[in-house]
Visitor: 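Let me give you the structure first, and then I'll get to my questions.
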Amino acid sequence: MYRFTSKLVIYRKFGEDSILYRLADICQRFASGNFVREDLITEIYAEIHRLLELSTRYGFDKNLWHNYLAFLLAMNENPFTLVSEKVGANEGTVNEFAKADFAIFQKLFCYDFTTLEKELDINCFDVVTHYNAVVKSEQIFNKSVSEKVQMLSRQIENAADEDEMYRIMTDFYKTYGVGKFGLNKAFRISHKEQFGILSPITATGDMTLDDLVGYDAQKQKLIENTEAFVEGRKANNVLLFGDAGTGKSTSIKAILNQYYSRGLRMIEVYKHEFKDLSKVISEIKNRNYRFVIYMDDLSFEEFEIEYKYLKAVIEGGLETKPENVLIYATSNRRHLIRETWSDRSDMSQDELHRSDTMQEKLSLVARFGVTIGFYRPNQKEFFRIVTTLAKKYPEITLTDEELIAEANKWELSHGGISGRTAQQFINYLAGTAINE
């Protein structure tokens with residue numbers, strides 16, 4: 001195996017501690033006879049353990065060795081893959097190096113561990129190449145990455161030669177991208193060494209805009225702005241404001257699911273992380289994706305100054321915000337920053353021009369070119385939400401009249417009328433025997 005990996009040119013930087021390079025070193029020492037049997041077996045089991053950990057994290061199945069190699073190809077960011085991400089297959093001398101590397105990976109896909117296993121009296125490689133994974137909840141593995149990598153693995157298995165593999169890989173990069181941004185929908189600030197400043201969020205939910213009953217005008221406004229953004233046209237930062245539980249956050253999460261396949265990605269940022277926004281933007285500004293920086297439940301108390309960081313990022317400074325970045329925020333406050341009666345007067349014990357300070361605070365909302373209001377439904381709309389949601393749960397067999405009567409009792413003791421209250425009521429019905 002070492003004689004293959006040592007000849008890689010483009011796909012070379014996997015790290016000396018990678019499973020691939022560690023196994024290549026093990027195989028080299030085995031072939032040379034320069035090893036202690038028990039020590040080598042221990043090293044092999046350590047790498048198999050790492051392979052199983054990776055496979056569990058991403059829900060790999062069948063041939064874990066093939067899945068791992070496909071994962072390396074999908075995640076490796078280098079000049080060739082980054083260009084392919086933008087334009088797909090293209091002319092250039094670099095293609096010769098790429099095809100030579102793909103020929104090596106085909107050999108790695110077909111690598112025969114039989115001799116090593118027989119000599120050492122182990123069968124771990126046979127097990128991981130004929131693996132039957134335990135069915136897992138989507139909440140404990142990264143489904144977004146898993147599906148793409150396993151699809152790529154199967155395609156490579158059937159590739160006739162390096163030319164076909166070149167086509168497979170360039171098509172993959174053009175369609176899905178490369179690295180963490182290509183294979184994941186959403187991210188958060190984490191500073192983890194293996195990911196950099198942005199770490200993938202592995203479970204984002206599968207909600208759609210149809211799941212949010214009503215609010216058609218609000219959803220259409222959000223769709224129009226996002227559509228323009230992903231198509232490379234001018235678009236605005238968006239503020240979704242209004243009553244709690246009305247679907248603001250759900251709408252933004254649904255937008256991610258709707259436009260992910262067209263290159264939309266989302267980065268969740270909390271206000272205590274605003275100081276890192278410039279680093280985040282620096283990492284994403286040259287990538288071939290459209291990024292929404294998502295700020296949920298955004299608001300500021302009178303004494304908080306983090307809003308100044310946000311204002312500087314949105315508009316201001318020598319370096320303008322990149323065209324592939326927008327900010328979508330939700331808030332229960334129309335103006336984001338808590339306003340007091342004293343803010344409305346220049347009369348203040350400690351500040352001569354109080355209204356100037358108020359205008360500075362309120363100017364933050366002006367940075368959002370689109371503001372969309374979400375308000376509590378009236379009782380008729382609330383009942384329509386309840387009956388519409390109930391239709392998605394076959395186990396709920398109450399009539400509409402019975403649903404409305406029960407929903408009326410529920411909202412009186414559970415925070416009043418809202419879309420969230422309606423969903424909580426439906427969850428209760430679906431999880432109990434009240435409808436039997």
Side-chain angles (χ1 to χ4, degrees), residues 13-18 53-54 57-58 71-79 81-83 85-86 141-146 148-149 173 176-205 229-230 237-238 249 252-253 255-256 259-260 263-298 300 304-330 364 367:
K13 292 185 178 180
F14 297 120
E16 292 301 320
D17 194 45
S18 66
E53 280 191 328
L54 181 76
R57 191 183 317 146
Y58 292 103
F71 176 76
L72 291 182
L73 290 167
M75 295 297 291
N76 191 270
E77 296 181 5
N78 59 61
T81 59
L82 292 173
V83 170
E85 175 184 86
K86 294 183 178 181
F141 76 96
N142 194 324
K143 183 180 180 183
S144 178
V145 175
S146 177
K148 297 179 185 64
V149 168
Y173 296 138
Y176 300 109
V178 61
K180 64 183 180 183
F181 292 130
L183 275 68
N184 295 279
K185 290 182 181 180
F187 307 85
R188 62 167 58 94
I189 294 176
S190 70
H191 300 287
K192 290 184 179 179
E193 185 176 349
Q194 66 268 41
F195 295 118
I197 193 171
L198 294 174
S199 176
I201 298 173
T202 59
T204 55
F229 183 48
V230 298
N237 301 312
V238 180
S249 301
I252 292 181
K253 294 171 186 176
I255 279 289
L256 171 62
Y259 290 96
Y260 164 66
L264 186 68
R265 302 294 184 267
M266 194 164 286
I267 301 170
E268 186 174 42
V269 178
Y270 299 99
K271 64 183 177 183
H272 70 274
E273 299 169 326
F274 284 178
K275 61 183 182 299
D276 293 318
L277 278 173
S278 59
K279 295 178 183 177
V280 169
I281 290 175
S282 178
E283 182 166 344
I284 64 179
K285 65 181 180 181
N286 294 321
R287 296 305 299 267
N288 192 36
Y289 307 98
R290 298 278 159 172
F291 291 92
V292 166
I293 295 178
Y294 169 45
M295 302 172 180
D296 191 28
D297 197 18
L298 184 63
F300 300 93
E304 292 178 316
I305 63 170
E306 286 87 349
Y307 72 92
K308 294 178 181 287
Y309 291 109
L310 182 55
K311 285 175 64 176
V313 168
I314 297 176
E315 265 181 40
L318 293 176
E319 185 176 23
T320 58
K321 181 169 63 66
E323 291 185 356
N324 69 330
V325 176
L326 282 184
I327 294 174
Y328 282 13
T330 70
L364 175 59
R367 265 65 175 181

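No experiment lies behind these values; they were computed from the predicted model shown.
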Visitor: Which heavy-atom pair separates V145 from N184 by the least distance, and what is that distance?
Guide: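 That closest heavy-atom pairing would be CG2-OD1, 3.5 Å.
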Visitor: Below 4.5 Å, heavy atoms only, C-beta onward: do V292 and L256 meet side chain to side chain?
Guide: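 No. Closest side-chain heavy atoms not under 4.5 Å.
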Visitor: Checking E323 now: which residues fulfil salt bridge (charged side-chain N to carboxylate O under 4.0 Å, His left out) with it, not counting sequence neighbours?
Guide: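 Testing E323 for salt bridge (charged side-chain N to carboxylate O under 4.0 Å, His left out), a comparison that skips the adjacent residues, returns none.
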Visitor: Would a 4.5 Å heavy-atom cut-off, applied to side chains only, mark Y294 and T330 as touching?
Guide: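 Side-chain contact under 4.5 Å: yes.
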Visitor: If you round to the nearest 0.5 Å, how far is CD1 of I197 from CG of D276?
Guide: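 Between atom CG of D276 and atom CD1 of I197 there are 4.5 Å.
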Visitor: Heavy atoms only: give me the nearest F71-V149 pair and the separation to one decimal.
Guide: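 Smallest heavy-atom distance, with atoms named: N-CG1, 3.8 Å.
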Visitor: I'd like to check the salt bridge (charged side-chain N to carboxylate O under 4.0 Å, His left out) partners of R287; sequence neighbours left out, ordered by chain and number.
Guide: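 Applying salt bridge (charged side-chain N to carboxylate O under 4.0 Å, His left out) to R287 gives E77, E85.
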Visitor: Indicate yes or no for a side-chain donor-acceptor contact from T81 to the backbone of N76 under 3.5 Å, with no hydrogens or angles considered.
Guide: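 It does hold such a pair.
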Visitor: What about the rings of F187 and F291, do their centers lie closer together than 6.0 Å?
Guide: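 Between F291 and F187, which both carry aromatic rings, the centre distance is not below 6.0 Å.
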Visitor: Considering non-hydrogen atoms only, spot the tightest contact between S190 and L198 and give its length.
Guide: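 Looking at all heavy atoms of both residues, the shortest contact is OG-C, 4.2 Å.
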Visitor: What is the minimum heavy-atom distance between V178 and M75, and which atoms define it?
Guide: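 V178 and M75 have their closest heavy atoms at CG2-C, 4.2 Å.
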Visitor: Which atom names give the shortest non-hydrogen contact between R265 and Y289, and what distance separates them?
Guide: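 Nearest heavy atoms, R265 then Y289: NH2-CE2, 3.5 Å.
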Visitor: Rounded to the nearest 0.5 Å, what separates atom CD1 in I327 from atom CD1 in I281?
Guide: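 I327 atom CD1 to I281 atom CD1 measures 6.5 Å (nearest 0.5 Å).
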Visitor: Rounded at 0.5 Å granularity, tell me how far CG in L183 sits from OH in Y58.
Guide: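 Here the rounded value is 9.0 Å.
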Visitor: Rounded to the nearest 0.5 Å, what's the gap from CD1 on I189 to CD1 on I267? Could you check?
Guide: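 One gets 8.0 Å once the value is rounded to the nearest 0.5 Å.
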Visitor: Would you mind reporting whether Y173 and L73 have side-chain heavy atoms less than 4.5 Å apart?
Guide: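 Counting from C-beta outward, L73 and Y173 do come under 4.5 Å.
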Visitor: Which pair of heavy atoms, one from K275 and one from H272, lies closest together, and at what distance?
Guide: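 Residues K275 and H272, closest heavy atoms: NZ-O, 3.0 Å.
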Visitor: Look up atom CE in M266 and atom CG in L326, then write down how far apart they are to the nearest 0.5 Å.
Guide: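 One finds 10.0 Å between CE of M266 and CG of L326.
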Visitor: Would you please name every residue forming a salt bridge (charged side-chain N to carboxylate O under 4.0 Å, His left out) with K180, sequence neighbours left out?
Guide: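 Only E283 meet the salt bridge (charged side-chain N to carboxylate O under 4.0 Å, His left out) criterion with K180.
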Visitor: Hey, are the side chains of E273 and V280 touching, using non-hydrogen atoms and a 4.5 Å cut-off?
Guide: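 A side-chain contact is absent here, since even the closest heavy-atom pair is not under 4.5 Å.
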Visitor: Where the side chain of D296 meets the backbone of S249, is there a donor-acceptor pair that is under 3.5 Å apart?
Guide: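 A pair under 3.5 Å: no.
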Visitor: Quick one: pull up OH in Y328 and CD1 in I293 and give me the separation to the nearest 0.5 Å.
Guide: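 Taking OH in Y328 and CD1 in I293, the distance rounds to 12.5 Å.
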